[in-house]
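Atoms within a ligand are numbered from 1 in the order they appear, just like the ligands themselves.
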Amino acid sequence: MTTDTSPRVAFIGLGTMGRPMASRLLSAGWRLAVYDKDLAAMQPLLDAGARGAASPQDAARDAAFVITMLPNSQHVLDATTGQDGVLAAASPGSVLIDMSTINPMTSRNVATVARARGVAVLDAPVSGSSQGAADGSLTIMVGGGADVLDRSRELLSVLGARIIHCGGSGMGSTVKLANQVMAATSMVAVAESFRLGQALGVDPRLLYDVSTTSSGDSWSLRTRPPVPGVVDSSPADHGFRPGFKGDLMRKDLDLALSAAASVGLDLPLASAVHDLYARLGTSGLGDRDFSAVIDVLPRRADGS
Ligand code: NAD
């Protein structure tokens, strides 16, 4: 139940992930101010009792915690250090928690600017998709001070079932990018396997049943076999409605490859997989679930 003394939370970015997360906080009794540049995205939260803000700066006024859940690094920079950004109004002693998947260097830069204003920052990207956001079962990878995480744990535990401290500023973002390399490449491997099986006359459901109890098992296989008729809840059975968009996966691979390049590392498999997700985008399918990557894999000469 919301009381006048419950801490205020500002929530910025109410898309696929942010909306259900903000909704959980409201239901758990936190007093919420919300902002999204798309007014329609704010409406369900306003209907549920949140205060609508006119800018990130306005949302952050009087907030003990500010959460950002935005597409990429530049959006986070604009919403935090920009002209109408959070840091123009955030109170000293408050905590800014960025839960977007962004460049670890940006996470560190935002933390440095914020610290100079007395605001603590956690980078706290998540895994678990929109379903995990809705049921509070996200895995949250946290970079920043352990003491700041302790102060934020009650809030974060409304959103996630596993909250893992990964190290100092930027380390939550770094661990998330390493995870995304595994998720992106395993999805392409699953898609290729289904292409191979189908071309050789294997029933996709049989392939799924065998591989989920064999060495080919993976999260990508279990949650989103990329052909319809295998698992009812798979995006493939719903026109590849996301889920997690192919464009966001390409963005995460961009970030992973540039983080690798910054330390002189080459990731040949992630580079090849990145190009497939880029092709998904240029085919006009970037807003589909990332399992739609099967559609840009080569076909047999007869098109099957
Ligand atoms: P989304 O595109 O569905 O939502 C982003 C929201 O941010 C939109 O409502 C948009 O209007 C808003 N926005 C953009 N710029 C803004 C600005 N300057 N100020 C205020 N609002 C702004 O994205 P999403 O799927 O919710 O993903 C958000 C982040 O979470 C991304 O970094 C993504 O990589 C990460 N993530 C997503 C998933 C998933 O399954 N969708 C899972 C894990 C992590």
All N/O donor-acceptor pairs, side-chain side in residues 110-121, below 3.5 Å, sequence neighbours left out:
{"residue": "Thr112", "atom": "OG1", "partner": "Arg108", "partner atom": "O", "Å": "3.0"}
{"residue": "Arg117", "atom": "NH1", "partner": "Leu87", "partner atom": "O", "Å": "3.4"}

Linked hydrophobic residues, Met141 as query - side chain contacts closer than 4.5 Å: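 Its cluster partners, ordered by chain and number, are Val175.
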
For ligand 1, the residues whose heavy atoms come within less than 4.0 Å (ordered by chain, then number): Gly13, Leu14, Gly15, Thr16, Met17, Tyr35, Asp36, Lys37, Asp38, Met69, Leu70, Pro71, His75, Ser100, Thr101, Val126, Ser129, Ser130, Lys176, Gly243, Phe244, Lys245, Leu248, Lys251, Asp252

Same apolar cluster (I L V M F W Y, side chains within < 4.5 Å links), Leu14/Leu138: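 Looking at the clustering, Leu138 is in the same group as Leu14.
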
Donor-acceptor pairs under 3.5 angstrom involving side-chain atoms of residues 42-49: please list them, not counting sequence neighbours.
{"residue": "Gln43", "atom": "NE2", "partner": "Asp47", "partner atom": "OD1", "Å": "2.9"}

Between Ser130 and Thr16: side-chain donor-acceptor atoms closer than 3.5 Å: no

Minimal non-hydrogen separation, Val296 against Ser283, with atom names: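 What the structure gives for the nearest pair is CG1-OG, 3.8 Å.
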
